[in-house]
Amino acid sequence: MAGKKVIGVLALQGAFVEHEAALRRCGAKAIRVRRKEELEGIDGLIIPGGESTSIGRLLVAYDLAETIVERSQTGMPIFGTCAGMIVMAKEIPGSDQFTLGLMDISARRNAFGRQVESFEADLDVKGFPRPVRGIFIRAPYIDRVWGETEVLSVYEGKVVMARERNLLTCSFHPELTTDLSIHKYFLDMA
Ligand code: GLN
């Protein structure tokens with residue numbers, strides 16, 4: 001790594017503080033993004049978990065959506081976790097909420113069912129030497145990928161992590177564990 005990478009964490013709503021902490025533990029510089037200008041100097045962007053309809057609404061209200069889409073098209077790495085997955089998806093079955101429409105995925109909201117509000121599981125991730133602990137909180141899963149999207153992890157037959165070139169997403173919350181391997185993987189993309 002040449003110099004410190006600067007990663008923006010979208011801080012409109014949700015679990016952004018935990019992502020900042022994980023990035024700092026990886027040796028990166030984390031900055032909060034709430035204004036368009038704050039997107040300028042960053043090497044990558046994390047869209048955290050939270051409530052995807054709120055995040056979507058605020059992306060429009062704060063006039064960030066267009067610039068994020070443009071930056072993604074010119075190669076800036078973007079990593080969406082949980083609600084961030086929904087915000088990145090091109091399709092949300094049964095919902096017409098706003099999304100950035102970045103990734104060739106269909107993401108189903110709260111897809112593990114109401115009985116299973118949250119759970120943890122060890123996940124095999126393609127290319128990772130060890131399983132990672134996935135914390136799922138009212139999590140979505142990916143029910144369809146197309147184009148260049150590559151599936152990186154499957155849990156009980158459901159796609160929970162995927163990558164499309166500079167775009168990365170997972171259903172769970174890697175920022176809530178002490179395992180930094182997924183944040184490191186993203187930093188390698190940046
Ligand atoms: N269920 C939430 C949504 O649809 C996502 C939950 C989370 O990010 N932990 O926005």
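All ligand and atom numbering here is 1-based and tracks the order in the structure. Predicted, not measured: the structure shown is a model, and the values here were computed from it.
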Distance-only side-chain donor-acceptor flag, S181 / D179, under 3.5 Å:
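Side chains of S181 and D179: pair found under 3.5 Å.
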
Judged by modelled atom types alone, do Y185 and R163 share a side-chain donor-acceptor pair under 3.5 Å?
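Yes.
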
Of all heavy-atom pairs between M76 and N166, which one has the smallest distance, and what is that distance?
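It is O-ND2, 2.9 Å.
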
Looking only at heavy atoms, what is the nearest atom pair of G49 and C82, with distance?
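Shortest heavy-atom contact: CA-CB, 4.1 Å.
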
Could you go through ligand 1 and list every pair where one of its N or O atoms sits under 3.5 Å from a protein N or O, giving the atom names and the distance to one decimal?
{"residue": "ligand 1", "atom": "1 (N)", "partner": "N110", "partner atom": "OD1", "Å": "2.6"}
{"residue": "ligand 1", "atom": "1 (N)", "partner": "R138", "partner atom": "O", "Å": "2.9"}
{"residue": "ligand 1", "atom": "4 (O)", "partner": "S52", "partner atom": "OG", "Å": "3.4"}
{"residue": "ligand 1", "atom": "4 (O)", "partner": "R109", "partner atom": "NE", "Å": "2.7"}
{"residue": "ligand 1", "atom": "4 (O)", "partner": "R109", "partner atom": "NH2", "Å": "3.0"}
{"residue": "ligand 1", "atom": "8 (O)", "partner": "G50", "partner atom": "N", "Å": "2.9"}
{"residue": "ligand 1", "atom": "8 (O)", "partner": "G50", "partner atom": "O", "Å": "3.2"}
{"residue": "ligand 1", "atom": "8 (O)", "partner": "A83", "partner atom": "N", "Å": "3.0"}
{"residue": "ligand 1", "atom": "9 (N)", "partner": "I137", "partner atom": "O", "Å": "3.0"}
{"residue": "ligand 1", "atom": "9 (N)", "partner": "H173", "partner atom": "NE2", "Å": "3.0"}
{"residue": "ligand 1", "atom": "10 (O)", "partner": "S52", "partner atom": "N", "Å": "2.6"}
{"residue": "ligand 1", "atom": "10 (O)", "partner": "S52", "partner atom": "OG", "Å": "2.8"}

For the ring pair Y141 and F172, is the centre-to-centre distance below 6.0 Å?
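Y141 vs F172: aromatic centres not under 6.0 Å.
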
Pairwise side chain to side chain donor-acceptor pair (under 3.5 Å) hits with a residue in residues 78-96, at least two apart:
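For residues 78-96: H19-T81, K90-D104, E91-R144, S95-Q97.
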
